[in-house]
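Right, one structure below, let's go through it.
Nothing fancy with the numbering, it's 1 onward along the sequence.
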Amino acid sequence: MTKLRDAALSLFRIVVGLLFACHGAATLFGVLGGPYGGTTPSVGQWPDWWAGVIELGAGGLVLIGLATRVAALLCSGTMAYAYFTVHLPKGLFPLQNGGETAAMFSWSFLMLALLGSGAWSLDKLVSRFHHRDENATVHQM
């Protein structure tokens, strides 16, 4: 059951990270249907350009499973900010204010920040090499 859980968590992380990174690429470069607002933000424009950078960069890290917990926490906070500043003023519930995507991403990334990257990740690979190097050092002493 643990292998199935790790595989499901890894697949969930990969899909959520990919979708978020694609959203960032659309925002920054106008690809994949372009940004929601219709135009790409200029470099440094608050908050759209910065959100796009976080979506692409941190979403990409989540996708490959590198620094997953930190990247996922950043993504979760970004989407919580988007929900409270953009969507909540339009109505209380996500179905009323168009904030379903922001809410779902925020909670999904919070779950990944708490649970980690799963078995299929660069985090696990780095951890294996780190532990192997530590064991080799201990055996040499």
| query | Once you round to the nearest 0.5 Å, how far does OG of Ser121 lie from CD1 of Ile64? | reply | 9.5 Å
| Given side chains that start at C-beta, do those of Leu56 and Phe29 come closer than 4.5 Å, heavy atoms only? | yes
| Any chance CE of Met104 has more than 12 other-residue heavy atoms, nucleotides or ligands included, within less than 6.0 Å? | no
| query | Please walk me through it: do Asp6 and Trp120 pass side-chain contact (heavy atoms from CB on, under 4.5 Å)? | reply | CA-CA 8 Å; Asp6 280 343; Trp120 307 334; over 6 Å; no
| Could you state the interatomic distance from NZ (Lys124) to OG1 (Thr68), rounded to the nearest 0.5 Å? | 10.0 Å
| field | Donor-acceptor contact present, side-chain Asn97 to main-chain Gly91, <3.5 Å | value | yes
| query | Shortest non-hydrogen contact from Phe105 to Val16? | reply | CE2-O, 3.9 Å
| note | Output for pair (Leu9 CG, Met111 CE), nearest 0.5 Å, gives 6.0 Å
| task | May I ask whether Leu19 and Met79 are part of the same hydrophobic cluster, defined by side-chain heavy atoms of I, L, V, M, F, W, Y residues being less than 4.5 angstrom apart, directly or through others? | result | yes
| said: Grouping I, L, V, M, F, W and Y whenever their side-chain heavy atoms are under 4.5 Å apart, do Leu11 and Leu112 come out in a common cluster? | reply: no
| remark: Value for CD1 (Ile14) from OG (Ser117), rounded to nearest 0.5 Å, stands at 10.0 Å
| What are the two closest heavy atoms between Leu95 and Glu100, and how far apart are they? | CD2-OE2, 3.2 Å
| task | Of all the heavy-atom pairs spanning Tyr81 and Pro47, show the shortest one and how long it is. | result | CE2-CB, 4.5 Å
| message | Under 4.5 Å between side-chain heavy atoms, counting indirect links through other Ile/Leu/Val/Met/Phe/Trp/Tyr residues: same cluster for Trp46 and Val86 or not? | response | no
| task | Provide the closest heavy-atom pair for Pro94 versus Ala103 in the form atom of the first, atom of the second, distance. | result | CG-CB, 4.4 Å
| If you group Ile, Leu, Val, Met, Phe, Trp and Tyr by side-chain heavy-atom gaps below 4.5 Å, do Val62 and Val15 land in one group? | yes
| field | Flag side-chain contact, heavy atom, 4.5 Å: Arg5 against Leu115 | value | yes
| Just by modelled atom types, is the Ala72 backbone N or O under 3.5 Å from a matching donor or acceptor in the Ser76 side chain? | no
| message | Does any part of the side chain of Pro41, heavy atoms only, come nearer than 4.5 Å to the side chain of Trp50, both counted from C-beta? | response | no
| Within the distance-only criterion (no hydrogens, no angle test), does the side chain of Arg69 pair as donor or acceptor with the backbone N or O of Leu114 below 3.5 angstrom? | yes
| query | Out of curiosity, Arg13 CZ to Asp123 CG, how far, rounded to the nearest 0.5 Å? | reply | 7.5 Å
| query | What closest approach, in Å, do Val53 and Leu28 show between heavy atoms, and which atom pair accounts for it? | reply | N-CD1, 3.8 Å
| Exercise: identify the closest heavy-atom pair between Cys75 and Phe20 | SG-CE2, 3.4 Å
| Would you say Phe93 and Phe84 are hydrophobically clustered, going by side-chain heavy atoms of ILVMFWY under 4.5 Å? | yes
| field | Nearest-0.5 Å distance that lies between atom CD1 in Ile54 and atom CH2 in Trp49 | value | 10.0 Å
